[in-house]
Amino acid sequence: MKTRTVLISFLGILTLAWAWDALVLNPMAGDGLWVARKEGIFLTGIWAMGLMSLVMMLATRPVWLESALGGMDRIYRLHKWAGILAISLGIVHWLMEIGGGTLRSLIGAAVNKPPKTIVPEFLVSSHGLAKDVGEWAIYILIVSLLITLWKAFPYKSWRILHRVMPLLYLVLVFHVVALTPAAWWLQPLGLIMGALMLGGSLAAIPALRQRIGQRRRHVGHIQSVRQLAGGITEVNCVMNTGWPGHQAGQFAFVTFDAREGAHPYTIASAEQAGHLRFEIKALGDYTRTLAQRLQAGDAVQVEGPYGRFDHRRGQANQAWVAGGIGITPFLAWLESLRARPEAAPRAQLHYCVRDAAHDPFVTRLQALCAALPSITLHVHDASHGQRLEADTLHRASQVQEGDAMDVWFCGPAGLARQLETGLQALGLKDVAVHREAFEMR
């Protein structure tokens, strides 16, 4: 299910519940523009808090949602965009709240002003505090949003700031409860928001205690570390008893250093009992020094496995597209199929690299594909001006008009967008594109 579809559906349900409350159960009296402003404050607050509750629950890495949403990578993408949208709507909510003076200067004071919200007597004393903490929360959320969108901001510092979000969410729950009439919680919209906020509050507890995914954490040790060409560090790990095994194409959160925390890496090896291989590209300060930091015998913690990047869910005709280090799930697929070549689909594997002559995986891919007759390898070498285009992808697959085909993609987002746009321009309606979409921020 697409992220956009989930968000639109979620906001649609909240909007319908708000409309039933505003138009049927509790219609508000007063001058039109002032009523519209107050209902706008309510609606944007409901949207923002509903989405923030969804964000908190998705942060717990709910494995049971992987099948419905297409994998933990898509759950995290939904988590990310729900968070961005929640903060954006929270800013609109705050601007509408402080915009009463501006509206008054434009149209004058309300002759028939909408009634003030009446809260329980025991919450009256906290009314001012609730407003203040809500305003300060918006300031912090704005900073958090800017830092999240600013990719150059150090990941480690962003991760520390991100740990504050559960506490900030609980502050916002207090803000809502202290400013809301008690009777409202027994109405349909109140019941929906109450359930969402209860779920979000319960999710905040393991987040604050840093216990998310604890039941899926397993320990082991590093068997070997090898520095490959192109800034790739290959790490082979042996897991202790209890590792549940993985399917080719899945990823895990790996902790080599508790101070650095967990990072998501695709498991680049086939399903071998307790043996995992990670091919890690040097993309930041930490990963650039991994080869020097790690050595055989060091402890490792692996949380997972996660993901639904699985060619077995696709059509008989497939195109596999990898850009750079995005080749890792396909390496695992090929290794897995080597033991049972009869299970291999008819697939064209397109590997896009900067310099094939110095790439650490080309030779390995050639050997793996040679043992699998139904899979054809195409290496697109940028150093020789070779670029993968949608029409090239289509011609290589030899798919006839009306035939169904699946494209499995892992690599740079820009290349994915280019290929998807190109396939649409070719009028290929029966091509499904499956993208590995994991990003930590």
Can you list every pair that meets side chain to side chain donor-acceptor pair (under 3.5 Å) and has a residue in residues 240-254, with sequence neighbours left out? Gln247-Arg312
Side chains of His275 and Asn236: does their closest heavy-atom pair fall under 4.5 Å? no
Search all heavy atoms of Leu372 against all heavy atoms of Leu337 and return the closest pair with its distance. CD2-O, 3.5 Å
Passing candidate, side chain to side chain contact (heavy atoms under 4.5 Å, CB included) with Ile232, options Ile325, Thr328, Ile280: Ile325
Would you indicate whether the side-chain heavy atoms of Leu78 and Val55 approach each other to under 4.5 Å? no
Is it the case that the side chains of Glu234 and Gln227 hold a donor-acceptor pair, with the cut-off being a distance below 3.5 Å and no angle test? no
If we count only N and O atoms by modelled type, under 3.5 Å, do the side chains of His434 and Asp406 hold a donor and an acceptor together? yes
Minimum heavy-atom separation for Ser269 and Ala332, please, with both atom names. O-CB, 3.5 Å
Quick one: which residue pairs count as a ring pair (Phe, Tyr, Trp, His ring centres under 6.0 Å) with a foot in residues 340-361, not counting sequence neighbours? His350-His378, His350-His380
Would you check if Ser67 and Arg308 make a side-chain contact, meaning some heavy-atom pair closer than 4.5 Å? yes
How close do Pro244 and His218 get, heavy atom to heavy atom, and via which atoms? CD-NE2, 3.5 Å
CG of Leu58 to CG of Leu65: how many Å apart, nearest 0.5 Å? 7.0 Å
Does the side chain of Ser336 come under 3.5 Å of the side chain of Glu271 through a donor N or O and an acceptor N or O? yes
Does Glu279 pair with Arg364 as a salt bridge, N-O distance under 4.0 Å? yes
Flag side-chain contact, heavy atom, 4.5 Å: Lys80 against Tyr76: no
Take atom CZ in Arg288; do more than 12 heavy atoms of anything else shown fall under 6.0 Å from it? yes
Do Leu196 and Leu54 come within less than 4.5 Å of each other through their side chains, counting heavy atoms only? no
Stepwise ring pair (Phe, Tyr, Trp, His ring centres under 6.0 Å) test for Trp408 and Phe330: CA-CA 9 Å; Trp408 295 87; Phe330 301 107; 8.6 Å; no
Asp257/Arg259 ion pair, N-O < 4.0 Å: yes
May I have the step-by-step check of ring pair (Phe, Tyr, Trp, His ring centres under 6.0 Å) for Phe309 and Phe251, ending in yes or no? CA-CA 9 Å; Phe309 196 70; Phe251 68 89; over 10 Å; no
Please check if any side-chain donor atom of Gln214 sits under 3.5 Å from a side-chain acceptor atom of Arg217, or the reverse. no
Find the distance between SG (Cys369) and CG (Leu349) and round it off to the nearest 0.5 Å. 5.0 Å
Nearest 0.5 Å please: distance from the CE atom of Met52 over to the CE atom of Met57. 12.5 Å
Test ring pair (Phe, Tyr, Trp, His ring centres under 6.0 Å) on Tyr286 and His263; report intermediate values, then the result. CA-CA 10 Å; Tyr286 176 69; His263 288 256; 5.3 Å; yes
Cation-pi, Tyr265 ring and Arg277 (6.0 angstrom, 45 degrees): no
Heavy atoms of other groups near Trp136 CH2, more than 12 under 6.0 Å: no
If I take atom OG1 from residue Thr15 and atom CD1 from residue Ile46, how far apart are they, to the nearest 0.5 angstrom? 8.5 Å
Looking at Asp391 and Arg395, does any basic side-chain N land under 4.0 Å from a carboxylate oxygen? yes
Of all pairs that satisfy side chain to side chain donor-acceptor pair (under 3.5 Å), the ones with a partner from residues 81-94, not counting sequence neighbours: Thr44-His93
Rounded to the nearest 0.5 Å, what separation is found between the CG atom of Leu69 and the OG1 atom of Thr5? 11.0 Å
In this structure, OG of Ser224 is separated from CG of Leu294 (nearest 0.5 Å) by 11.0 Å
Glu420/Arg435 ion pair, N-O < 4.0 Å: yes
Are any of the side-chain nitrogens in Arg216 or Glu303 under 4.0 Å away from the carboxylate oxygens of its partner? no
Does the separation of the ring centres of Trp333 and Trp320 fall below 6.0 angstrom? yes
